[in-house]
Amino acid sequence: VITLLTDFGLSDPSVGEMKGAILGIEPDATLVDLTHGVEPGNVREAAWILSRAWRSFPEGTCHLVVVDPGVGTDRRGVAASAGGRLFVAPDNGVLMPTLEMLGGPIEIRELAHRELGVARRGTTFDGRDVFAPAAARLLRYGRLAELGPEVHDPVEMAPFVPRRAEGGWRTEIIRTDRFGNLVTTMEESFLRERGGDAWRDVAVRVGEKRLAGLRLGYGDVEPGALLLSIGGSGTLEISVNRGSARRTLNAAPGDPVFVEIPEDV
Amino acid sequence: VITLLTDFGLSDPSVGEMKGAILGIEPDATLVDLTHGVEPGNVREAAWILSRAWRSFPEGTCHLVVVDPGVGTDRRGVAASAGGRLFVAPDNGVLMPTLEMLGGPIEIRELAHRELGVARRGTTFDGRDVFAPAAARLLRYGRLAELGPEVHDPVEMAPFVPRRAEGGWRTEIIRTDRFGNLVTTMEESFLRERGGDAWRDVAVRVGEKRLAGLRLGYGDVEPGALLLSIGGSGTLEISVNRGSARRTLNAAPGDPVFVEIPEDV
Amino acid sequence: VITLLTDFGLSDPSVGEMKGAILGIEPDATLVDLTHGVEPGNVREAAWILSRAWRSFPEGTCHLVVVDPGVGTDRRGVAASAGGRLFVAPDNGVLMPTLEMLGGPIEIRELAHRELGVARRGTTFDGRDVFAPAAARLLRYGRLAELGPEVHDPVEMAPFVPRRAEGGWRTEIIRTDRFGNLVTTMEESFLRERGGDAWRDVAVRVGEKRLAGLRLGYGDVEPGALLLSIGGSGTLEISVNRGSARRTLNAAPGDPVFVEIPEDV
């Protein structure tokens with residue numbers, strides 16, 4: 001299995017061409033789109049999506065990520081292995097939170113293009129010409145070392161953990177989904193550990209708006225009403241039943257969310 | 001083959017995670033997206049799409065549907081078999097018109113989570129955690145009975161058949177497609193049987209607008225003109241050549257369409 | 001491998017139904033979406049996408065294209081082979097530039113429906129009922145001749161080569177991508193051959209706007225600034241760093257672009 005995660009969208013043939021490049025090297029690959037709807041150039045959103053999604057895939061899967069506002073610059077590409085999984089991406093930190101979750105990278109290698117038989121030209125589409133072939137070769141031959149020299153100083157990324165703030169915790173809106181739900185990075189387990197039996201009585205402030213109490217589903221409030229819930233990714237979400245929390249609260253990715261957990265000391 | 005039909009869209013990784021969950025159980029599954037663009041929560045639209053699309057797939061296919069405004073409530077999931085095909089979906093009626101077309105369900109089972117090894121948590125993403133694994137196990141092992149107890153009272157759904165009204169027939173706009181075509185549930189065969197040789201001279205009223213005469217293709221009228229045709233799904237459609245009937249007529253899914261068939265007695 | 005290129009979008013089940021029709025005939029097919037976001041009915045855009053994308057796929061691939069404003073008329077379908085690749089499409093010229101690049105078609109056959117066991121009805125969805133089965137049979141049995149009689153007069157399409165104009169060259173905006181980049185058909189190699197060492201100092205006029213000098217990537221100019229680059233498809237593109245050239249220049253597919261190449265004689 002190779003998963004693909006990009007900000008290319010689906011109106012261009014870019015993703016299709018990447019798949020062709022993969023199938024030309026590894027015809028037996030099963031290709032799964034994670035999403036190609038990452039906000040253009042939003043590396044942190046992509047990092048977060050990957051850090052959730054890898055859990056749904058079997059060991060041995062190769063996760064290919066191409067989200068990079070540095071496209072066309074001399075940004076290097078990297079391949080990594082950790083916890084029985086393989087990764088290929090630009091060296092912009094997008095893999096780091098996931099690699100940490102998996103116990104840290106066992107090995108990170110630079111995609112040294114010459115060794116891949118890929119001539120670097122004045123192209124802005126490394127996805128097809130560098131990253132896709134690297135992922136295909138990795139899945140087929142499994143030899144990280146052949147891709148290039150070891151990388152000891154990969155670009156880092158801050159982890160997705162809440163920080164102490166204002167007598168509670170500060171988390172962030174990491175993305176909004178199709179329905180306008182505001183997805184934060186605060187995990188259910190984080191709330192449970194600190195809140196004990198009262199963990200569902202969490203209170204949240206985003207912008208000027210305050211909300212309290214987790215719901216089990218959208219159906220637990222009236223249509224049009226705001227609610228807190230644990231979303232499909234297992235983190236705190238702010239939603240509107242049959243509406244858009246993004247629009248209702250005029251909130252956006254990167255906005256801070258302040259959380260008070262009862263019993264938390 | 002497992003087909004996926006949801007209202008999740010493609011900007012989230014939800015669909016990708018469902019596929020990962022499937023491939024972890026049944027690595028040889030061929031996954032086909034029917035569409036993930038169902039109007040959010042529109043169970044009737046999803047039921048109609050399925051009732052058309054299953055015909056295009058070979059016997060043995062498992063059709064997985066996750067469209068449910070009741071997500072997060074205690075709505076049960078079901079698996080069913082009929083006419084050599086398998087189905088997994090919420091118990092909200094979405095399968096029923098298709099099962100009827102296939103001669104009625106041979107067997108319907110509840111997805112009893114414990115037997116699937118799936119712990120139900122405070123999640124709103126049953127698609128990945130319950131429905132996808134159930135579909136994968138069903139395709140791999142083919143044993144409906146292992147999924148849970150038999151269901152004798154599935155939620156029903158009204159069939160997509162026209163009703164007598166105003167000296168003619170009443171059908172409904174079931175969905176609008178990407179081009180703004182208004183798709184009804186009235187089948188070509190229904191018109192042929194009643195209209196005989198004159199079946200193409202059908203007259204239609206939607207809102208205040210009256211239209212008459214089926215065209216073979218959009219090219220048969222001027223750009224911008226309304227027309228009636230039999231769409232790709234084999235039912236009556238209202239279209240605008242190189243335009244949007246939805247916008248031209250200000251019509252929406254659920255709106256009634258009144259049809260007069262010549263010679264009809 | 002069968003690739004699919006259409007203007008159907010992904011909100012309808014049309015593409016899924018085509019895949020079902022293919023898998024019913026050739027269950028081992030690997031299906032890759034090139035894109036289903038071609039501007040509705042834009043045959044020239046589809047022809048251009050195909051003429052780029054086939055290079056990314058291995059020999060033996062079958063490329064299926066369904067983009068046709070003549071849907072529902074008596075437009076015939078064709079299958080062709082060239083350069084070790086197979087093609088199925090309407091006979092509207094969409095294959096011709098690609099076939100020429102591959103050294104010209106070795107053989108073109110009409111999709112004579114009766115021989116495919118497909119009854120032509122009053123349908124507007126030939127994609128599922130004619131083209132998909134033809135592609136599947138072609139991949140499975142590889143016998144072009146069984147599809148129908150030879151075609152000696154396929155509909156032609158003008159090639160994507162620049163023409164002399166105003167002391168330079170005239171090319172065209174063939175499409176805009178998701179980011180609003182204006183993609184032209186002028187190849188990097190065309191510029192290199194004529195411009196020599198100074199090829200990157202190319203000057204471009206689109207509408208009233210003049211631009212000069214190729215950049216290596218978007219990061220080479222300020223956010224909001226226009227730039228010229230060689231895009232992922234290997235042709236001249238007009239972009240705005242973190243913005244939309246389409247909106248900035250109010251330009252659209254089909255618009256002419258005038259190019260002056262230094263040293264060009």
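Chain letters run A, B, ... following the sequence lines, proteins first and then strands; every chain starts at 1.
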Worksheet item: Below 4.0 angstrom, N of the basic side chain to O of the carboxylate: do Arg246(A) and Asp255(A) qualify?
Response: no
Practice prompt. Could I get the full list of side chain to side chain donor-acceptor pair (under 3.5 Å) partners for Asp153(A), not counting sequence neighbours?
Written response: Arg76(A)
Item to complete: Please report the shortest heavy-atom distance between Ala132(A) and Met18(A), naming the atom on each side.
Response: CB-O, 3.6 Å
Discussion item. Looking only at heavy atoms and a cut-off of under 4.5 Å, which of Ser11(A), Gly41(A), Pro27(A) has the most pairs with chain C?
Written reply: Ser11(A)
Let me know if [X] has heavy atoms under 4.5 Å from chain A in its side chain, its backbone, both or neither.
X	answer
Asp33(C)	backbone
Thr3(C)	neither
Arg242(C)	side chain
Leu214(C)	neither

Fill in: Residues in ring pair (Phe, Tyr, Trp, His ring centres under 6.0 Å) contact with Phe131(C), at least two apart in sequence or another chain
none
Discussion item. As a quick check of understanding, evaluate side-chain contact (heavy atoms from CB on, under 4.5 Å) for Ile261(C) and Phe190(C), giving each step before the final call.
Written reply: CA-CA 10 Å; Ile261(C) 307 170; Phe190(C) 186 92; 4.0 Å; yes
Discussion item. Report which part of Asp7(A) has an atom under 4.5 Å of a heavy atom belonging to chain C: side chain, backbone, both, or neither.
Written reply: both
